[in-house]
Amino acid sequence: MDLVSRYESLRKFDVFSDFRFVVIDRIQNYDFDFPPREQLIMDFYAVFKHFGISEVRSLGLDTSNVTVETVPLFIDNDIPLIMTRNGERRNGKPQV
């Protein structure tokens, strides 16, 4: 990927374009209650990530052109969500 500006006046001085990399850093989401086997896998993932090389460094990116976004890992489980309005029961009839 050529990051040098496309403008000829800037290209002759090797000025880089206004370019930014966004790296998504995945973290464990503690809002979910995982079964023991899945929790063990998530813990191993966290340990390997801690001792491993960062994605920014492994890709050889200049840290001045990188933004790291932290995003929780999402497990798509059916979580029952019961919402009620104040003063109403679950069947929709008002409380007396």
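We're numbering straight along the sequence, starting at 1.
- Atom CD1 of I27 and atom NZ of K49 lie 7.0 Å apart (nearest 0.5 Å).
- With sequence neighbours left out, L61 forms a side chain to side chain contact (heavy atoms under 4.5 Å, CB included) with F21, V23, V56, L59, V66.
- The side-chain hydrogen bond (donor to acceptor under 3.5 Å, both in side chains) search around T70 returns none, not counting sequence neighbours.
- By the 6.0 Å contact criterion, CD1 on I24 is open, its count of non-hydrogen atoms from other residues, nucleotides or ligands being 12 or less.
- The list of side-chain hydrogen bond (donor to acceptor under 3.5 Å, both in side chains) pairs with a residue in residues 51-60, not counting sequence neighbours, reads R26-E55.
- With side-chain heavy atoms closer than 4.5 Å counting as contact, directly or through intermediates, the hydrophobic cluster containing F44 also holds L40, F48.
- The salt bridge (Lys or Arg N to Asp or Glu O under 4.0 Å) test applied to D43 returns no partner, not counting sequence neighbours.
- Through side-chain heavy atoms spaced under 4.5 Å, either directly or across other Ile, Leu, Val, Met, Phe, Trp or Tyr residues, F51 is tied to V47.
- With sequence neighbours left out, T67 forms a side-chain hydrogen bond (donor to acceptor under 3.5 Å, both in side chains) with R20.
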